[in-house]
Amino acid sequence: MARNSGRVGDPPPPPDPLAVPAVDAHCHLDLMDTPVAEAVAAARAVGITRMVTVGVDLETSRWQAEIAAAHPEVWAAVAIHPNEAASGVDEATFEAIAKLARADGVVAVGETGLDYFRTPPERHAAQQESFRRHIAIAKETGRALMIHDREAHDDTLRILAAEGAPERVVFHAFSGDAAMARTCADAGYVMSFAGNVTFKNAGELRAAAAVAPRDLLLVETDAPYLTPAPWRGRPGGPYLVPLTLRLLAQTRGEQVDDLAAAVAANAERTFGPW
């Protein structure tokens, strides 16, 4: 189901393998030019043994669920992305997402949330209503809630508190500063860091990564997007997690092996046993 991701150039070369296996907590296998089996094999070759592939609308959510059912290394997340939800979501679609969320291999409702970067103010209400509905679906199905939060920190946190957050909440591609990381930590929300934490201008993001509690930390690629430095803008894949993981370990003053083991354990605690 490959679609044009807008990435240019050749995929980066594989990084040195990890000694301790880790997990890609968020990717979009449908947006990669690489067949799923090849993407899984490339990830496994560098120590990334599990991955969560994420839907952004009903069609892609169904695809992710089918892929998770066919590949034991893959989990799925299903939802209507906030940018898709900005035009409104009908009841039948919410019902279909709720049904998908109960399927074997589907471990999260996401990515849902708020995106004020791409959405004009007059459409914020539609995004917020969709977010509320996805929160309810996550609680009804017992799945983790996977949040997309872009330039909408205050409203995202406010709605979570007002609706009552599910037991397990993940901020995908965490984009806040150290103060927000502490707020999320106080609430028990998991923070998943993507390749943009490696970018030169990401000092605030690295400061957030430095203060996030180890037991609330995940690593992701958001592949094919947010490809880590020095390959920014190239097509990404789950096999690039080691680049971000090593930068996070350096930022936090930890051993890479210890951090890899921690994020693998956090993924299992967040999404359930493989």
Do other residues, nucleotides or ligands put more than 12 heavy atoms under 6.0 Å from the CD atom of Glu254? yes
If you compare all heavy atoms of Thr244 against all heavy atoms of Phe193, which two are closest, and at what distance to 0.1 Å? CG2-O, 4.1 Å
Interatomic distance, His81 atom NE2 to Glu111 atom CD [nearest 0.5 angstrom]: 4.0 Å
Not counting sequence neighbours, which residues clear ring pair (Phe, Tyr, Trp, His ring centres under 6.0 Å) with His124? List them please. Tyr116
Is it the case that one hydrophobic cluster holds both Trp63 and Met32, taking links as side-chain heavy atoms less than 4.5 Å apart, direct or via other members? yes
Got Arg246 and Leu18 here, is their nearest side-chain heavy-atom distance under 4.5 Å? yes
Quick one: side chain to side chain donor-acceptor pair (under 3.5 Å) partners of Ser175, sequence neighbours excluded? none
Met180 side chain near Asp149 side chain, heavy-atom distance below 4.5 Å: yes
Is there a side-chain contact between Asn83 and Thr119 in this structure, where contact means two heavy atoms from C-beta onward sitting under 4.5 Å apart? yes
Using atom types as modelled, flag every donor-acceptor pair under 3.5 Å from a side chain in residues 68-79 to any protein atom, sequence neighbours excluded.
{"residue": "Glu73", "atom": "OE2", "partner": "Arg44", "partner atom": "NH2", "Å": "2.7"}

Pairing residues for Lys139 by the side chain to side chain contact (heavy atoms under 4.5 Å, CB included) criterion, not counting sequence neighbours: Ile135, Pro166
Among Leu29, Asp30, Thr53, which residue satisfies the side-chain contact (heavy atoms from CB on, under 4.5 Å) criterion with Val36? Leu29
For the residue pair Asp222 / His28, report whether a side-chain donor-acceptor contact shorter than 3.5 Å exists. yes
Tyr239-Val256 co-clustered via ILVMFWY side chain contacts under 4.5 Å: yes
Around atom CD of Glu167, are there more than 12 heavy atoms of other residues, nucleotides or ligands at under 6.0 Å? no
Arg123 CZ to Gln128 CD distance, which is reported to the nearest 0.5 Å: 14.5 Å
Heavy-atom side-chain proximity of Ile97 to Leu58 below 4.5 angstrom: yes
With sequence neighbours excluded, residues passing side chain to side chain contact (heavy atoms under 4.5 Å, CB included) with Arg133: Glu91, Phe94, Glu129
Tell me whether Asp10 at atom CG has more than 12 heavy atoms from other residues, nucleotides or ligands lying less than 6.0 Å away. no
Are any of the side-chain heavy atoms of Thr227 and Pro12 separated by less than 4.5 Å? yes
Less than 4.5 Å apart, any side-chain heavy atom of Leu114 and any of Ile159? yes
Flag for Thr183-Asp186: side-chain donor and acceptor within less than 3.5 Å: no
Contact between Tyr225 and Asn196 at the side-chain level, heavy atoms closer than 4.5 Å - yes or no? no
Sequence neighbours left out, what passes side chain to side chain donor-acceptor pair (under 3.5 Å) with Arg158? Give chain and number order. Asp155
Counting C-beta onward and ignoring hydrogens, is there a side-chain heavy-atom pair between Arg168 and Arg269 closer than 4.5 Å? no
